[in-house]
*Asks:* 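Pasting a structure here, questions to come.
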Amino acid sequence: MNKMVLAHFQGLTPPDLIHDHIILSGFTIAVLGLAAWCIFTQAFLTDLPVIRGIPEAPGAVAFYGHLKVLGLDHPSQFEKWGTKRSWPVLQARFGRRRVVVLNGFKEAQEWIVKNATATIDRPLFWTFHNVVSKSQGSTIGTSPWNESAKRRRTAVSAYLTRPALRSSAPMLDVESHAFVEDLFKATQQDNLGDVDPRMYCLRLAFNITLMICYGTRFKDIHDPDLLSMLDITSTVASFRSTNSNPQDYVPLLRYLPNKRQKIAVETREKRDIWLANMFSRVQSALDKGQYCPCITGTLLSESGSGKLDESDIKSINVSLVSGGFETVSTTMLAGLGWLASDEGQVYQEKVFNDLIIVYGDVETAWDKVVIEERSDVTVALYKEMLRYFAAIQLLPPRQTMKDFEWNGITIPKGVSVYMNAQAINHDHSYYGEDAHIFRPERWLDEKRPIGPPYQFSFGAGSRACPAIAITNRLLYLAFSRLLLHFKVLPAADGSILDAHYIRYNSDTTQQTCHPKPFRIRLEPRQLGNSAMEKCFASSRANGERMIYN
Ligand code: HEM
């Protein structure tokens, strides 16, 4: 109702009306002021103020900060700022979050290794922690640092680090053999004699994590359950990328209709079903007393000892199943792609010759590469694969747990820190002028030794990947065994992967790189090769002796 009319009926005198007016307009101004402040805060302010002394990237806009100017390839834009402006460390705004990005090797060492306790924490994200991880708990790699994260990390380390490699040998033997023989069979069955190696790398990496977690594996790369699990875990991983989840940084977007949230809920439900299925398979194998040792089984038999509870076990399994398979397969695929190039042909011969020098003959080498890594030329190949093709370019972020001093600058508690492995691993000031070239020989050069952590693909410091030893062994083993028996050649039409560390990736919006599709041929080193048959037969027999849950 109109104010004047209302005043008339209420018998208000003009001074009352004026007074009422003043109160109302004061109230309206306060409300409008508050709304304007809220909008201003959301549009321009970050959780932490600018850190004095660290350069800030150009091009921030309201609400999104730098998320727009970063385009579709965040690590490459950060790398460009790093090299063109000489910014080994820079700060940016991801929506409301203030973030620091590390582009330089020396600087990453100083922040993540030297100040390991200050940078051990991880930030929380709305989509990943509130939606995707609601039922199974968050993974180790996305958990803030606390007693539970410490317990879970210690438990997985027992299965992944160097001392555990010996007990993993039968499984590593089975998977690397299946990889080599099935890849070869696929080339034989193809009209042109070539194969897309993607599914073979994915199955190998996924089976390793399934064996570690649940004592089970997939035999057939066409198994619909395998394809569905790979699809689910890959979708879950997509919720970690800085590129595809603006709602994590721009809180207002959470209140708008959001297709990603619906996908997150559906994916979580599907994943819960198969995780429960895996869990009960182990439980019933344990009940029957015929069981393949695995993390779930060991932890279930220890449950009640107060070490870990069921939610810890679930979180560990989710961490391992989602942590490893895409990174391992990406590294392998990129490496295979490079091997098919002209330079790769030359290096393949070096690997073969070195394996024979070290182990004496093909059969001995086939057996020994499961348990040791004595061929330096092969070690140099996988080290360069890991450095050059960082499978995750912008690593899962850290968060500072306390203030610390760096170069006279105070870095505040609570800031998100991203290691840009793509830039760090190609830092010319550390690796030299040829850092942008794939050159395994750099790891053999005694005049220019490369120090720990060698490269940042696994991160570094106290939250570094706990699976470094097993991943290294797997890469050494798979590539040694393949190159012992075969030459990796370009596809029948002569095409090869563009094995450049940025261009090889088909989707820069994902957290993990996905190499563009390519095909290879395999040429047996010796025709009618009885050594190959003997090697395959011994590993096949090993696989048949194993029990699976
Ligand atoms: C080429 C292979 C791999 C790469 C490049 C890789 C990379 C990474 C990176 C970058 C991190 C974060 C490190 C940091 O913040 O400093 C990480 C953490 C982790 N990775 Fe891996 N990883 C690989 C293989 C695996 C495998 C095979 C598994 C399990 C079977 C695994 C399990 C984990 C776990 C559990 C964490 C969380 C550690 C924590 O936050 O404390 N990773 N990995």
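Both ligands and their constituent atoms are indexed starting at 1 by order of listing. Start at 1 with the first residue, then count along the sequence.
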*Asks:* Taking all non-hydrogen atoms of both residues into account, name the closest pair between Arg281 and Thr216 and its distance.
*Replies:*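 Looks like NH2-OG1, 2.9 Å.
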*Asks:* N/O to N/O below 3.5 Å, does that happen between Arg122 and ligand 1?
*Replies:* yes
*Asks:* Checking Phe458 now: which residues fulfil ring pair (Phe, Tyr, Trp, His ring centres under 6.0 Å) with it, not counting sequence neighbours?
*Replies:*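 Phe458: no ring pair (Phe, Tyr, Trp, His ring centres under 6.0 Å) contacts found.
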*Asks:* Between Arg151 and Glu147, does at least one N-O distance fall below 4.0 Å, as a salt bridge requires?
*Replies:* no
*Asks:* Would you say Val156 and ligand 1 have an N/O pair spaced under 3.5 Å apart?
*Replies:*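 In fact, backbone or side chain, Val156 has no N or O that close.
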*Asks:* For atom 24 (C) of ligand 1, which of the options Leu160, Thr471, Thr331, Ile470 provides the nearest non-hydrogen atom?
*Replies:* Thr471
*Asks:* Check ligand 1 against Thr209 and write out every atom of the ligand that is under 4.0 Å from a heavy-atom position of the residue.
*Replies:* 30 (C)
*Asks:* Does a salt bridge link Arg439 with Glu384, judged by any charged N lying under 4.0 Å from a carboxylate O?
*Replies:* no
*Asks:* When only distance counts, is Arg153 in polar contact with ligand 1, meaning an N/O pair under 3.5 Å?
*Replies:*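 Yes.
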*Asks:* For ligand 1, does Cys465 get within less than 4.0 Å through its side chain, its backbone, both, or neither, judged by non-hydrogen atoms?
*Replies:* both
*Asks:* Taking the six-membered ring of Trp366 as reference, does the cationic atom of Arg481 (NZ for Lys, CZ for Arg) lie under 6.0 Å from its centre and within 45° of its axis?
*Replies:*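 The answer is yes; both the distance and angle limits are met.
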*Asks:* Hey, which atoms in ligand 1 end up nearer than 4.0 Å to a heavy atom of Pro466?
*Replies:* 19 (C), 20 (N), 33 (C), 34 (C), 35 (C), 36 (C), 38 (C)
*Asks:* Say you draw a straight line from CD1 of Ile51 to CD1 of Ile409; how long is it, rounded to the nearest 0.5 Å?
*Replies:* 8.5 Å
*Asks:* Check whether any heavy atom of Val328 sits under 4.0 Å from an atom of ligand 1.
*Replies:*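 True for this residue.
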